[in-house]
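Working notes, structure below.
By convention here, the first residue in the shown sequence is residue 1. Ligands are counted one by one from 1 in listed order, and the atoms in each one are counted from 1 as well.
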Amino acid sequence: MTFSDFNLKDTILTAVTQAGFKEPSPVQKEAIPLVLEGHDMIAQAQTGTGKTAAFGLPMMSMMKADGSVEGLVIVPTRELAMQVSDELYRFGKLSGLKTATVYGGTAYGKQIERIKQASIVVATPGRLQDLLMSGKIKLNPKFVVLDEADEMLDMGFLDEIKNIFTFLPKERQTLMFSATMPKGIRRLAEEILENPKTVSITKSESTNSKIIQYYYVVQERERDDALVRLIDYKNPDKCIIFCRMKKEVDRLVAHLTAQGFKVSGLHGDMEQKQREVTIRAFKSGGIDIFVATDVAARGLDVNDVTHVFNYHIPFDSESYVHRIGRTGRGGKSGEAITLVSPNELRTIKRIEKDVGAKLITQVIPTRIEVQNSRQDELIAKIANTQITDNAIELVKTLQHDLDIVTIAHLLASMIQNDNAVKGKDIIGLGLEEVELLIERAMQHRGNDRGRGRGNYRGGNRRRNSGGGNRNSRNGRNSRNGGRGSQRD
Ligand code: ADP
Ligand code: MG
């Protein structure tokens, strides 16, 4: 199936081709025909599944570009407003459709000017309500879209949204998009939609198959070490670490900064300006790691996030889906990594069931494994280094007292020390331990058969992770061949 199978206007179709879209995404396949037929719609699909085009293309295809505001898109945050606006502009420019972006924290004047020239207004609820209530603008759109509706409700915008609708015409086509469908969303849908069609990109489709999901079982006190080790090992380009509490965000930012990572926290109560500066630094690579709470990351729309870490497993499956959806966007692959303590294994199993995906359990690589996996990089780096005059002088001086092989060993040791992987060698539970714990957790309480075979403590950790395991056996078995003694 291609985009030309839909009944889209030529200029819209050309813009889609120019944008490089080849195949419509699942939500686009289902939503576009329904919108073109004029239905109200409520669609459930995770972030990164192409919802903007799902409503934008059919809506714009039906617009006249007559100088009036024909479409209104309401989104939770300023960043999303800009993002959606850019994407819509890209699709609409050949059709003469201008977009205006409306959000709080800036002057009214320019925004109002833009609105007067626009066919589509993309707005955050607060500022939009201000403009409508003060009579500064009047809108008569044929299309109204609520994007990321669940996030808007979570952010407390329900009253604003209801109020905004009192200013909008009764004759309209209304579309609602949401990653999750809690009661509040369904109730709002009943209020603002008329005979809506439902689109649900559910379960197996909804967890983006491009995201590989891993979990690691660690003791509570090992979380920090485990996190640092995994970052060292995975070497992510850009990652987001999710915590449950703001306090934890601050603590982790300090901890990771001290380890030399380029890291910043993202707070719910950050000033908008500061938030934007931080996000820009993250996008451009000045910051590699974001530590955030669920609330703070709402509406955060950054492409190229390679890894999402759950420092703690989220309380519910919906947050899990939201969080991991920050990676694997726009057809790229991503990794989601969750740290759990043994008594959180039940939660993992529940999430697997809810999201319809398998989470793979892995063992945290040992220090030696990570070090070895870095060796090749190091060798390449040494080979590619330019020899400087100062270096030649330094070696000459050293040669007064030392022979050349000793000098080489000393310099290599110095580099190795800089490059050393920190922390204890073994972190977290081994696979056999995890398997037994899962078995136990899944058993009925009265039937505690697992206890009979406590010998797993002495067992070796079996690996299922590839790569970097040169010498791993030595590293591991040198410790009594068992872990029980060192953990307890
Ligand atoms: P959502 O609103 O569901 O989070 P977006 O609409 O922001 O998702 O789309 C995510 C990314 O995927 C954007 O960069 C967008 O340009 C891209 N995209 C959307 N649909 C397609 C498609 N059919 N083919 C290729 N890329 C797409
Ligand atoms: Mg979107």
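- In this structure, Ala45 falls outside the shell of residues with a heavy atom less than 4.0 angstrom from ligand 1.
- Tyr216 and Gln362 share a donor-acceptor pair across their side chains, judged by distance under 3.5 Å alone.
- Considering backbone and side-chain atoms together, Lys51 places an N or O closer than 3.5 Å to an N or O of ligand 1.
- Looking only at side-chain heavy atoms (C-beta outward), Ile137 and Leu139 come within less than 4.5 Å of each other.
- Heavy-atom proximity to Arg90, at under 4.0 Å, picks out these atoms of ligand 1: 16 (O).
- Looking only at atom types and distance, the side chain of Gln371 has no donor-acceptor partner in the side chain of Gln375 under 3.5 Å away.
- With a 4.5 Å cut-off on side-chain heavy atoms, Arg172 and Lys142 do not count as touching.
- Considering only non-hydrogen protein atoms, atom 8 (O) of ligand 1 sits nearest to Gly50 N, 3.1 Å.
- Side chains of Met82 and Tyr103 form a contact here, defined as non-hydrogen atoms less than 4.5 Å apart.
- The shortest contact between atom 23 (N) of ligand 1 and any protein heavy atom is with Glu23 O, 2.8 Å.
- Listed by number with element, the atoms of ligand 1 under 4.0 angstrom from any heavy atom of Thr52 are 2 (O), 5 (P), 6 (O), 7 (O).
- The nearest protein atom to atom 10 (C) of ligand 1, hydrogens excluded, is given as Gly48 CA, 4.1 Å; this is a heavy-atom distance.
- If you check which protein heavy atom lies closest to atom 14 (O) of ligand 1, you get Asn303 ND2, 4.0 Å.
- Taking the six-membered ring where tryptophan is involved, the planes of Phe282 and Phe290 are essentially parallel, since the angle between them stays under 30° and well short of 60°.
- Side-chain contact, Asp354 with Tyr320: no donor N or O sits under 3.5 Å from an acceptor N or O.
- The closest protein non-hydrogen atom to atom 20 (N) of ligand 1 is Gln28 NE2, 2.8 Å.
- Using a 4.5 Å heavy-atom cutoff, the side chains of Leu146 and Thr174 are not in contact.
- The cationic group of Arg326 does not satisfy the cation-pi geometry with Phe242, failing either the under 6.0 Å distance to the six-membered ring centre or the 45° limit from the ring axis.
- Counting heavy atoms closer than 4.0 Å to ligand 1, residue Lys29 contributes nothing at all.
- Summary of contacts: the protein heavy atom closest to atom 18 (N) of ligand 1 is Phe21 CZ, 3.3 Å.
- Every heavy atom of Phe177 sits 4.0 Å or more from the atoms of ligand 1.
- Residue Phe3 approaches ligand 1 through these ligand atoms, each under 4.0 Å from one of its heavy atoms: 23 (N).
- Within the 4.0 Å heavy-atom criterion, neither part of Phe91 lies near ligand 1.
- Looking from atom 16 (O) of ligand 1 to the surrounding protein, the closest heavy atom is Glu87 OE2, 3.0 Å.
- Geometric assessment of Lys98 against the ring of Tyr89 yields a negative cation-pi assignment under the 6.0 Å and 45° thresholds.
- Side-chain polar atoms of Thr306 and Glu335 form no donor-acceptor pair below 3.5 angstrom.
- At the shortest separation from atom 11 (C) of ligand 1 among protein heavy atoms lies Gly330 CA, 3.9 Å.
- Close approach to Ser25 involves these atoms of ligand 1, each under 4.0 Å from a residue heavy atom: 23 (N).
- The proximity of Gln83 to ligand 1, defined as any non-hydrogen pair under 4.0 Å, does not occur for either the backbone or the side chain.
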